[in-house]
Amino acid sequence: MQQRKIIHVDMDAFYASVELHDRPELRGQPVVVAWDSIRSVICAASYEARRYGLHSAMSVAKARRLCPHAVYIPPNFERYRAVSRQVHAIFARYTHTIEPVSLDEAYLDVSNYQGPLPYARDIARAIRTDIFTETGLTASAGIAPNKFLAKIASDWRKPNGQFVIAPAQITAFLQSLPIGKIPGVGKVTQQKMHRLGWHTVGDLAKIDRRILIQHFGRWGYRLYEFARGRDNRIVQSNAVRQQISNEITLEQDENRIEIRRHLPTLALTLMQQMQRRQLTGYCLTLKLKTNDFHIHTRSQTFSSPLYTQAALIQAGQQLLSRMPSDQIYYRLIGLGISQFDSRSHQPELWSEDEMAYPVTSD
Ligand SMILES: [Mg+2]
């Protein structure tokens, strides 16, 4: 099984750093990027401002109390977008599998890198050097076998640092990691987990999946995987289509009962399309077009990825049963899949417990 190499690159205090770079006379002063209104919130705080407890999303009213002498600069998103494009162009020298998360953050999959640098950590360092040389700004990077760990790692040596979580280190690293470090676990979730007696990711790994789902709903599935250092989500570059789909235009209009017979063909094609790309998907979408050209779609996200023809047919039938039926005739049926995982990292076998069943719809 091939191990993936993912880099998460995160610019340091991005908006504030751009402003400081453009106005060197402000260096050393607490700088806050925010619209200057008592009702607005901070977009970014420089590291100097953070020493006073200021941080992004804090209200300007509160920031003014904590640090009355901070310098306020209104955001200039056009400028940030321009720098972001520059940084993106640097990424593209090293890989084409780039998933921008925001203007200052991106995941890179460098598993297929064929250049002269021996390790992913060297690629990360080269990228950070290029960014600094060409923009004057610093970035931090996390290097790991998946997105979840790479994201945590990029925060580990911030600012202007990088950190590697190698496969052999994952369990030990997570054991004592505070749960608040899990991306997506905010203050409220953290408090809830603390009340349940869970403080580290190691604690979380001891919890039954059913309990996690009971407390956190769909997010429980992810938490269960995260606690084990697992995350199969692919780095979704714009080049990878967000959905794989195929459709059949009928020679004669068919009703909802008749049209069902096309599901096996659609499911088979979909399965083959996924196999070719080494992908599996969590979300299935059924599309029907009526003979008067109205389009109906139904979607369902499942607890584990769908990749067999049987699973796709079964899920397709569920979606079809939710389509309008009375006196309606259809001229087209399509089946699409999205929310991809990397197939090469799926366990070969799924236990009964891990069979796919719906967790959300539409
Ligand atoms: Mg950042």
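Each ligand, and each atom within it, is numbered from 1 in the order the structure gives.
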Would the F77 and Y80 ring centres measure less than 6.0 Å apart? yes
Show the nearest heavy-atom pair for residues S299 and C283, with the distance to one decimal. CB-SG, 4.3 Å
D104 atom (N/O/S) at minimal separation from the Mg ion (ligand 1): OD2
Nearest to the Mg ion (ligand 1), which N, O or S atom of D10 do we find? OD1
Quick check against the 3.5 Å criterion: does R157 have a side-chain atom that pairs as donor or acceptor with the backbone of S140? no
Distance to the ring centre below 6.0 angstrom and angle to the axis at most 45 degrees; does that hold for R218 and Y282? no
Does S102 bring an N, O or S atom to under 2.8 Å of the Mg ion (ligand 1)? no
